[in-house]
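Notes to accompany the following structure.
This one's a predicted model, so the numbers in the text were calculated from it and none came from an experiment.
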Amino acid sequence: MPEVTGALLELIRLTATSLPPDVEAALQHVAGQEEPGLAAHATLETILKNVGLAREFSTPICQDTGTPAFYVRYPAGWSPKSLRAQINTALDEATRLSYLRPNAVNALTGVNSGGNTGDEYFPAIHFEEGEDDALVVDLVLKGGGCENVGAQYKLPDAGLNAGRDLEGVRKVVLDAVYQAQGRGCAPGVLGVAIGGDRGSGYLASKQVFLRKLGDAHPDPQLAELEARITREANTLGIGPMGFGGKTTVLATKIRALYRLPASFFVTVSYMCWAFRRRRMVLRGDLIWYE
């Protein structure tokens, strides 16, 4: 098993300072749809200028550099324990170099660890053994503002007249967007898990953020629901950063999970415009970033 700490450090730098091409393209597209002279257009223009400056100077896109969530697919025979140690070392160095802000705070003492590491839950690292010889590491940096407006609903929901069907799912997801208003740093991306339990729902609703913004769900029902929720969320008038306008949501990504007969949860995770995700692939002597 090779030493990959340096490669992981570069992954963290890229994720924190360079917005993915599909996200930047989506922001440019919606900026062209907002009316010049209004707050929505000015906000998106400022966001895009910030994105360019962050990339040019290798500085964080947002002052809140977020909770690091790693999704690691490793070759058979590799050590997850060693990979975790190297990830933690890379995070410490990234914090020292100011690619990340120190974000790991002990909930009881209020003491900051100083290096974006804390316990087995911070950073969040999800391991899976792969079927080939490639190491694939996806990193998502999720800010606190958008994390705070995530929501979980239990269907049926009498208050929203939402039943245990896709129409009920649509109603509660749109309610989550409405309740968030501008506090999630719109325009955002919605990650939705239908089913599961309370824990697996949140895990799956964040894992769908690994999908590209322009893709479509392979299930036609869910593809149609994704498009409809995005379209209808953008009629709510919330707009970029809550200043009003045509663009509140850039995309919606949904995953359906098995559930207990007694429970029907719909979990909504919200990702802000600073949608920081990147992938590192190591295969033999070759390494590249996506």
Side-chain angles (χ1 to χ4, degrees), residues 4-31 43-72 83 86-105 112-118 122-125 135-147 184-189 191 206 209-214 240-241 250-251 269-282 286-290:
V4 295
T5 303
L8 290 166
L9 175 61
E10 176 62 6
L11 173 65
I12 297 166
R13 185 192 71 80
L14 279 173
T15 309
T17 66
S18 183
L19 210 60
D22 62 318
V23 179
E24 187 171 2
L27 289 169
Q28 290 170 340
H29 175 72
V30 298
T43 298
L44 288 167
E45 289 293 302
T46 300
I47 284 172
L48 287 166
K49 182 178 180 181
N50 174 76
V51 168
L53 290 170
R55 180 177 294 122
E56 180 181 357
F57 295 105
S58 274
T59 54
I61 295 169
C62 176
Q63 63 180 2
D64 180 359
T65 55
T67 300
F70 292 86
Y71 301 86
V72 183
L83 285 169
Q86 293 185 60
I87 287 171
N88 285 338
T89 299
L91 284 170
D92 282 335
E93 181 65 5
T95 309
R96 187 186 70 80
L97 293 171
S98 297
Y99 299 143
L100 300 177
R101 180 181 71 180
N103 273 340
V105 177
N112 194 310
S113 72
N116 282 284
T117 57
F122 199 116
I125 309 176
L135 172 68
V136 181
V137 183
D138 288 290
L139 171 59
V140 176
L141 298 175
K142 193 169 190 303
C146 62
E147 181 72 357
C185 295
V189 176
K206 293 179 180 181
F209 289 139
L210 300 181
R211 289 172 52 189
K212 300 293 185 183
L213 294 194
M241 303 300 285
L250 296 174
S269 287
Y270 193 104
M271 178 64 81
C272 60
W273 67 260
F275 188 165
R276 293 157 293 182
R277 62 152 153 69
R278 287 280 179 169
R279 168 174 289 184
M280 179 190 91
V281 181
L282 175 67
L286 298 178
I287 184 168
W288 65 93
Y289 299 90
E290 302 171 356

Requested in this report: Just jot down the side chain to side chain donor-acceptor pair (under 3.5 Å) partners of T95, sequence neighbours excluded, or say none.
Outcome: N116

Query raised in the report: Looking just at side-chain N and O atoms, do S18 and R278 make a donor-acceptor pair shorter than 3.5 Å?
Result: yes

Query raised in the report: Under the ring-ring contact (aromatic ring centres under 6.0 Å, His included) test, which residues partner Y71, sequence neighbours left out?
Result: H126

Query raised in the report: Under the side-chain contact (heavy atoms from CB on, under 4.5 Å) test, which residues partner A94, sequence neighbours left out?
Result: L9, I12, Y99, L100

Query - Set of side-chain contact (heavy atoms from CB on, under 4.5 Å) partners for C272, sequence neighbours left out - result: C146, C185, A274

**Report entry** Side chains of L27 and L44 in contact at under 4.5 Å (non-hydrogen atoms)
**Finding:** yes

Query - Residue list, side chain to side chain donor-acceptor pair (under 3.5 Å) with S269, at least two apart or on another chain - result: S205

Query - Cationic N near anionic O, under 4.0 Å, K206 to E147 - result: yes

Report summary line: Test side chain to side chain contact (heavy atoms under 4.5 Å, CB included), reference R277, set D22, L141, V189, L139, output is D22

Report summary line: Closest heavy-atom pair, A7 versus I287, reported as atoms and distance to 0.1 Å, is CB-CD1, 3.2 Å

Query raised in the report: Does the side chain of P123 reach to within under 4.5 Å of the side chain of N88, using non-hydrogen atoms?
Result: yes

**Report entry** From L83 atom CG to L8 atom CG, the distance as rounded to the nearest 0.5 Å
**Finding:** 7.5 Å

Query raised in the report: To the nearest 0.5 Å, how far apart are OG in S58 and CG in L53?
Result: 12.0 Å

Requested in this report: Name all pairs fulfilling the salt bridge (Lys or Arg N to Asp or Glu O under 4.0 Å) condition that reach into residues 44-59, sequence neighbours left out, sorted by first residue then second.
Outcome: E24-R55

Query raised in the report: Going by heavy atoms in the side chains, are W273 and T43 under 4.5 Å from each other?
Result: no

Query raised in the report: With sequence neighbours excluded, what pairs up with T46 under the side-chain contact (heavy atoms from CB on, under 4.5 Å) test?
Result: none

Report task. Please name all residues satisfying side-chain contact (heavy atoms from CB on, under 4.5 Å) with D92, sequence neighbours left out, ordered by chain then number. Result -> T117

Query raised in the report: What pair of heavy atoms forms the shortest contact from P68 to L91, and how long is it?
Result: CG-CD2, 4.1 Å

Query - Separation of E290 CD from M280 CE (nearest 0.5 Å) - result: 11.5 Å

Report summary line: F70 meets the ring-ring contact (aromatic ring centres under 6.0 Å, His included) criterion, sequence neighbours left out, with none

**Report entry** Residues forming a side chain to side chain donor-acceptor pair (under 3.5 Å) with D138, sequence neighbours excluded
**Finding:** R279

Query raised in the report: How long is the span from the OG1 atom in T59 to the CZ atom in R13, to the nearest 0.5 Å?
Result: 10.5 Å

Query raised in the report: Can you find a heavy atom in the side chain of L135 that is under 4.5 Å from one in the side chain of V72?
Result: yes

Query raised in the report: Can you tell if the side chain of Y289 reaches within under 4.5 Å of the side chain of T15, non-hydrogen atoms only?
Result: no

Query raised in the report: Excluding sequence neighbours, so at least two apart, what forms side chain to side chain donor-acceptor pair (under 3.5 Å) with R96?
Result: E93

**Report entry** R276 versus C62, closest heavy-atom pair with distance
**Finding:** NH1-CB, 3.9 Å

Query raised in the report: Who passes ring-ring contact (aromatic ring centres under 6.0 Å, His included) against F275, sequence neighbours left out?
Result: F209

